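Chain naming here is simple, since letters A, B, ... match the order of the sequence lines and numbering starts at 1 in each. Bear in mind the structure is a predicted one, so any value in this text is a computation, not a measurement.
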Amino acid sequence: MRWSQTLIPTLKETPAEAEILSHQLLLRAGLVRKLTGGLYTFLPLGLRSLRKIERIVREEMDRAGALEVSMPALQPPEIWQQSGRYETAADVLYKVKDRARKEWVLGPTHEEVITSLAAGEISSYRQMPRNFYQIGLKFRDEIRPRFGLMRAKEFIMKDAYSFDVSDDAAMASYHKMYDAYARIFARCGLKAFAVEADTGVIGGNYSHEFMVPAETGENDVAYLEDGSYAANIEKASSRGPLLPTPSVSTGATPELFATPGVVTIEALAAAPYSVHGVAQIKTLVYWVNGKPALCLLRGDDQANEAKLAGCFGTTVFRAATSDEIFGVLGAHPGSLGAVNMPGASTGVPIYADLALRGAKGMTTGANQDGFHLRHVDIERDVKAIQWSDLRTVRVGELSVGSGLPIKIQRAIEVGHVFKLGTKYSEKMGATYLAEDGQRRPCVMGCYGIGVTRTLQAVIEQCNDKDGIRWPLNVAPYQVLITPLGGAGTAAMKAAEDLYAALQSRGIEVLLDDRDERPGVKFKDADLVGIPLRVGIGEKSLAKGEIELKPRGGALTLCPVADAETRVAEWIKQQAT
RNA sequence: CGGAGCGUAGCUCAGCCUGGCUAGAGCACUUGCUUUGGGAGCAAGACGUCGCAGGUUCAAAUCCUGUCGCUCCGACCA
């Protein structure tokens, strides 16, 4: 491609709308343009990279034995009602109406569609295992689109769905996808790693997210230096907080004391009260299915809502409002506690974090504004506690297994593999006749890769102060020829010859044939980040030489006659 | 939805607080001349519903109200 014949609108200045580096480079290198928040047009250069990622994904999915299909983005709401997600996923569903005022749904994902396909087409154990995938647009009514392609209303996802006869067979399908994902991200030039992920209400232990370490990511990952453990912070657990919880009883019974105006853990930890966070019980109230539920944590701990969802058995819950809380406990946030709950609140489930097990001599709210209780022994003074791991792990805590200290790193989630089980197949009638003549639900798995997000993750990971440094496999072009001389010069002529020669070898080459000053061409070349630049200047050309300059590497000279083979060799060498 | 901020030329922004005459700069764009190894110089030119609507005023980019949009922080996800 000739630069002058395509559209590569590079920007010298950073658009104000772009906060993070990869978003800025996406715009500055002329890869995408925004239509409106969360919706982007891919320009020729950006589209080429996107297609390369798609091709890698497609090759690896095919290699893993998955079958490519294409499912409708526009879907009938009935199948969503059937799966139960018309309500539970309501906040991300785009809904549209046709002329007859019938409602339709724009698919945020395709479990319902693929399961209804399987319900119709898979009827025997002989037809499994099967894994169907597609690469296409997904629509999500994101509360807040942000960071360019990272979180958009419309994005390209590779989604795959496996169907198996048993749990064991489903695990085999799962591991195939896991391995395929590792290959995909490696081929994209990404340093990605798998972490244990929260399985939410579906349960089970089999869900991994593929993460790209990046400070701009939206996830926190807990991991161990030796690589033996890595988990999303939502899932991660430890041996518990580093500072021990008081476990010696004062012998006294709970005693009311006045704490006017004290409504935070910090305030109670300060003078004159000086009750350390480890000796406080934090009481949180959630609203689950229209009913209250209490969550008790040590004062210095943070609740982990993914873990709470596991306790509640649903992801549809929220923090109770101040008014709701007052109605239940007779006090406002800051003075709440599970000891001596008023009569109206009996029957409210109480979930407590394991770090509080055996806690004695604790201080907590008295359910009376402006008062707290001291000398609380939790197991003596609070009834009907359901114990569970509810806290968010912190840096430095010891891991459950090896006891090594936990580290925490920000990361971008680019892929997710999930063993679904029979949740959808049961609801949607995707059953088969087994060898023994029994009818059973198919055991499913689902596997997603955010393709557009992966593209941006590559940019986030591969750049320097001058611009993008594309990995060869996903670069829009492999080679950029930069002649330093206008039309009719010897440099341009040599560039044209090399351009034709490389093209005939099947090398993807971009020729900067613009009548621009060298400085402009160099700056654009660095910004756009093509892996290998061939510089052809009048001076070196007079000596029979041209320049080879890998992006971010050292410049070498090479005889004009050898240029074609040297470029081809370089590419071959990089590809291995 | 809660909190914060911003909407002025294609892009980056000044002007607004303290209302005033023809709304500005840099970059980009067009033409000409010069220049030509790291985002050139000179000259000429084109480009604006000052987000939109209403109000206050002799007078509004500027003050007030409403509204729409965007960005950032929080709750969701690939």
Select base, sugar-phosphate, or nothing to describe what [X] touches, counting heavy atoms under 4.0 Å on all strands.
{"X": "Arg533(A)", "result": "base"}
{"X": "Thr454(A)", "result": "nothing"}
{"X": "Leu484(A)", "result": "base"}
{"X": "Tyr447(A)", "result": "nothing"}
{"X": "Glu516(A)", "result": "nothing"}
{"X": "Asp515(A)", "result": "nothing"}
{"X": "Gly537(A)", "result": "base"}
{"X": "Val520(A)", "result": "base"}
{"X": "Glu218(A)", "result": "base"}
{"X": "Ala457(A)", "result": "nothing"}
{"X": "Glu234(A)", "result": "nothing"}
{"X": "Asp91(A)", "result": "nothing"}

With rounding to the closest Å, how many angstrom separate the [atom1] atoms on [N] and [M]?
{"N": "C52(B)", "M": "C68(B)", "atom1": "P", "value": "15 Å"}
{"N": "A25(B)", "M": "U8(B)", "atom1": "C1'", "value": "12 Å"}
{"N": "U71(B)", "M": "A28(B)", "atom1": "C1'", "value": "24 Å"}
{"N": "U56(B)", "M": "A61(B)", "atom1": "P", "value": "16 Å"}
{"N": "U36(B)", "M": "C72(B)", "atom1": "C1'", "value": "43 Å"}
{"N": "G32(B)", "M": "G39(B)", "atom1": "C1'", "value": "22 Å"}
{"N": "G19(B)", "M": "A59(B)", "atom1": "C1'", "value": "8 Å"}
{"N": "G26(B)", "M": "A14(B)", "atom1": "C1'", "value": "11 Å"}

How long is the line joining [atom1] of [X] and [atom2] of [N], in whole Å?
{"X": "Glu17(A)", "N": "G10(B)", "atom1": "CD", "atom2": "P", "answer": "15 Å"}
{"X": "Met150(A)", "N": "C72(B)", "atom1": "CE", "atom2": "P", "answer": "12 Å"}
{"X": "Asp466(A)", "N": "G39(B)", "atom1": "CG", "atom2": "P", "answer": "12 Å"}
{"X": "His23(A)", "N": "C11(B)", "atom1": "NE2", "atom2": "P", "answer": "14 Å"}
{"X": "Asn232(A)", "N": "C77(B)", "atom1": "CG", "atom2": "P", "answer": "11 Å"}
{"X": "Glu19(A)", "N": "G74(B)", "atom1": "CD", "atom2": "P", "answer": "12 Å"}
{"X": "Asp512(A)", "N": "G38(B)", "atom1": "CG", "atom2": "P", "answer": "15 Å"}
{"X": "Tyr161(A)", "N": "A78(B)", "atom1": "OH", "atom2": "C1'", "answer": "11 Å"}

Hey, is Glu496(A) close enough to Lys493(A) for a salt bridge, meaning N to O under 4.0 Å?
no

Would Lys95(A) and Asp141(A) pass as an ion pair if we require N to O under 4.0 Å?
no

Paired nucleotide for [N] [Watson-Crick or G-U wobble; both distances under 3.5 Å]:
{"N": "C42(B)", "answer": "G32(B)"}
{"N": "U62(B)", "answer": "none"}
{"N": "G7(B)", "answer": "C68(B)"}

Between Ile546(A) and Cys558(A), is any pair of side-chain heavy atoms under 4.5 Å apart?
yes

Using a cut-off of strictly less than 4.0 Å, decide whether [X] has a side-chain nitrogen or oxygen near OP1 or OP2 of [N].
{"X": "Arg144(A)", "N": "C73(B)", "result": "yes"}
{"X": "Lys12(A)", "N": "A28(B)", "result": "yes"}
{"X": "Arg28(A)", "N": "A28(B)", "result": "no"}
{"X": "Arg151(A)", "N": "C77(B)", "result": "no"}

Pair Glu234(A)-Asn304(A), side-chain donor/acceptor within less than 3.5 Å
no

Would you say Tyr161(A) and Asp159(A) are linked by a side-chain donor-acceptor pair, where the criterion is simply a distance under 3.5 Å?
yes

Out of His23(A), Arg28(A), Glu19(A), which one pairs with Thr14(A) under the side-chain contact (heavy atoms from CB on, under 4.5 Å) rule?
Arg28(A)

For RNA chain B, determine which residues of residues 31-46 of chain A have any heavy atom closer than 4.0 angstrom to one of its atoms, and list them numerically.
Lys34(A), Thr36(A), Gly37(A)

Answer yes or no: side-chain N or O of Arg146(A) and base N or O of C70(B) forming a donor-acceptor pair under 3.5 Å.
no

Residue whose nearest RNA chain B nucleotide is more 5′ - Glu13(A) or Thr452(A):
Glu13(A)

If each of Leu527(A) and Arg517(A) is mapped to the nucleotide of RNA chain B with the nearest heavy atom, which maps nearer the 5' terminus, i.e. the 5' end?
Arg517(A)

Which of these nucleotides, A78(B), C13(B), G39(B), is closest to any side-chain atom of Ala16(A)?
C13(B)

Given C11(B), A78(B), G37(B), which nucleotide is nearest the side-chain atoms of Pro15(A)?
C11(B)

Say whether, by atom type as modelled, one donor and one acceptor occur between the side chain of Ser83(A) and the main chain of Trp80(A) under 3.5 angstrom.
yes

Donor-acceptor check, side chain of Thr6(A) to backbone of Trp3(A), threshold 3.5 angstrom: yes or no?
no

Charged tip of Arg140(A) within 45° of Phe155(A) ring normal and under 6.0 Å
no

Ring-base stacking, Phe522(A) with G39(B) (5.5 Å, 30° cut-offs):
no

Among Arg146(A), Lys34(A), Arg33(A), which one satisfies salt bridge (charged side-chain N to carboxylate O under 4.0 Å, His left out) with Glu17(A)?
Lys34(A)

When you look at NZ of Lys176(A), are more than 12 heavy atoms from neighbouring residues, nucleotides or ligands closer to it than 6.0 Å?
no

